[in-house]
Amino acid sequence: MDSPLPRRTRVVVIGAGQAGLSVAYHLQRRGLRPGVDLVVLDRGPGTGGAWQFRWESLRLGDAHRVNDLPGMAELGLSFETADATVPAREIVADYYRRFEDAYRLEVRRPVAVTAVEDAGDLLRVVTDHGTIEAEAVVNASGTWGAPFRPRVRGDETFRGRQWTTVDYVDAADFRGRRVVVVGGGTSAVGFVRELEGVAAATTWVTRRTVEFVEGDGLAQENGIAAVAAQDEAARAGLPLPSIVSGTKLVATPRIRAAIDRGTLVAHPMFTAVEPDGVRFADGSFVPADDIIWATGFRPELKHLAPLHLREHSGGIVVERGRVTREPRLFLAGYGPQASTIGANRAGRAVAAQVLALLDQKP
Ligand SMILES: Cc1cc2nc3c(=O)[nH]c(=O)nc-3n(C[C@H](O)[C@H](O)[C@H](O)COP(=O)(O)OP(=O)(O)OC[C@H]3O[C@@H](n4cnc5c(N)ncnc54)[C@H](O)[C@@H]3O)c2cc1C
């Protein structure tokens, strides 16, 4: 951070991942001046949003696809043609950096937002680098900072190591060890595949039955159903359902091959963790040195707590990205928007509503 933050602006965007950049792009295109009317804050050290922290072996093009940000085509950039041999975290960080530079978004980093408060006519954004007041705040803080881990009886007694998705760096950390991978999503499937031939033994368990489907068309259909379920919960102010539970997994050719050679065999969830392994409902026991909890994420919203947005039902009422209880606050990339394509759509929809709000002000 070279210069102090302004004390007052029109719009603060919290987070420079796909959602925050998309909103910032549309606001900038519609006349807001970055650094003056629009201040984008991100606590990460570099560009790339959460992608800068993904594990080294994660690549684009197989199970993972990143949609192009709006305005990327004009820069001659597309994730579709990105080099699939280079780690996704490097590609995304590089493309986002070029995008931020080209559109002069002036993202301020590393700046961590610790609270958003009601300051009467304005919202007050408290950060570790000072306080900014704004007419509107767009929260695009993603989920990476809030990995979800279910509690299981006895898990505190485990003598081995326990990890979540955000801790996973390299399969080499598990060389020669007996690993239990928990989770029914793409991350868990990726870990099981990577540990093949590295770990001494890998046991994959899922809380729900995993269904693999062939081809993108079906996956799209399932994706639409999952997004609809997220939207319904957000509008009703209910806690968001797990994305994984609504989405079947696509068997890419590599995943299909792993299924065929018996690597990807899902077992039902264990009922207890013991000091040296996990115990299943039928009494059987699997010894383990490591448990990887690839059990999803929750939106990271703790800095919004001073606004008291939660309903008794546990969720926040959000319609098309706008928070009903606090109409000066928008959640971009939340619920139905929590994918790169959803984040893109959020950008346009949220920016339009923010501009309409600003227009109402004298
Ligand atoms: C392992 C994994 C793989 C995925 N793969 C895909 C995929 O292939 N395709 C796809 O479409 N989606 C994928 N997703 C979903 C993915 O999260 C979204 O697609 C998208 O990248 C999220 O963008 P975002 O802007 O909402 O969040 P993020 O990329 O998480 O960006 C949020 C930003 O907010 C910042 N931030 C957070 N809190 C604060 C704070 N308090 N103060 C300041 N800054 C803050 C963070 O530093 C971060 O830069 C994947 C998710 C995971 C976990």
Side-chain angles (χ1 to χ4, degrees), residues 11-15 17-20 22-23 49-50 113-126 134-151 184-185 207-208 222-247 295-358 360:
V11 184
V12 168
V13 175
I14 305 170
Q18 187 95 4
S22 177
V23 175
V113 174
T114 52
V116 180
E117 300 165 349
D118 185 347
D121 287 346
L122 300 170
L123 288 172
R124 184 183 301 121
V125 179
V126 183
E135 292 162 49
V137 171
V138 178
N139 187 79
S141 52
T143 60
W144 187 252
F148 171 72
R149 217 194 97 174
R151 305 311 309 190
R207 290 177 295 164
R208 300 177 191 86
N222 291 311
I224 290 166
V227 167
Q230 294 275 321
D231 190 38
E232 205 175 302
R235 284 174 191 271
L238 295 168
L240 299 175
S242 152
I243 298 222
V244 170
S245 65
T247 320
T295 36
F297 293 82
R298 296 288 181 265
E300 191 187 352
L301 302 175
K302 56 182 183 299
H303 49 285
L304 304 181
L307 295 173
H308 305 293
L309 304 174
R310 290 213 183 267
E311 307 296 323
H312 289 304
S313 45
I316 299 173
V317 181
V318 182
E319 275 199 52
R320 296 185 65 239
R322 192 171 199 171
V323 177
T324 306
R325 264 182 195 267
E326 174 46 88
R328 297 168 297 179
L329 177 70
F330 299 83
L331 302 187
Y334 176 84
Q337 305 170 344
S339 66
T340 53
I341 194 164
N344 284 354
R345 292 193 190 118
R348 182 180 287 278
V350 166
Q353 293 174 84
V354 168
L355 290 165
L357 174 74
L358 298 186
Q360 289 163 11

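A donor-acceptor contact shorter than 3.5 Å is absent between the side chain of R124 and the backbone of E117. Counting only distance, with no hydrogens or angles, the side chain of Q353 and the backbone of A349 share a donor-acceptor pair below 3.5 Å. The main-chain N or O of A305 is never found under 3.5 Å from a side-chain atom of R310 such that the two would form a donor-acceptor pair. The backbone N or O of V126 lies less than 3.5 Å from a partner atom in the side chain of T114, making a donor-acceptor pair.
Atom CD of E319 and atom OG1 of T324 lie 5.0 Å apart (nearest 0.5 Å). Here the CZ atom belonging to R328 is positioned 10.5 Å from the CZ atom belonging to R322, to the nearest 0.5 angstrom. Considering CD1 of I316 and CG of L238, their distance stands at 12.0 Å, rounded to 0.5 Å. Between the CG atom in L307 and the CG atom in L301 there is a gap of 10.5 Å [rounded to 0.5 Å]. Taking CG from L355 and CD from Q360, the interatomic distance works out to 11.5 Å, rounded to the nearest 0.5 Å.
Environment of CZ in R320: sparse, with no more than 12 heavy atoms of neighbouring residues, nucleotides or ligands closer than 6.0 Å.
When every heavy atom of S313 is checked against every heavy atom of G237, the shortest pair comes out as OG-O, 2.7 Å. The minimum heavy-atom distance between A332 and V350, with the atom names listed, is CB-CG2, 4.4 Å. What you find for A234 and P336 is that their closest heavy atoms are CB-CD, 4.3 Å. The nearest pair of heavy atoms linking A233 to P239 is CB-O, 3.9 Å. Contact detail for A351 and V23: the closest heavy-atom pair is CB-O, 4.2 Å. The minimum heavy-atom distance between T143 and F297, with the atom names listed, is O-CD2, 3.1 Å.
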Apply side-chain contact (heavy atoms from CB on, under 4.5 Å) to V113 and V12, showing your working. CA-CA 11 Å; V113 174; V12 168; 5.8 Å; no
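Contact of the N139 side chain with the V116 side chain is not registered, since no non-hydrogen atoms from C-beta on lie closer than 4.5 Å. Between R325 and E311 there is a side-chain heavy-atom pair separated by less than 4.5 Å. Proximity of Q337 to L331: side-chain heavy atoms (C-beta onward) are nowhere separated by under 4.5 Å. With contacts defined as side-chain heavy-atom distances shorter than 4.5 Å, the pair E326/L304 does not qualify.
Each of R298, K302, H303 was scored for a side-chain hydrogen bond (donor to acceptor under 3.5 Å, both in side chains) with E300, with one residue passing: K302.
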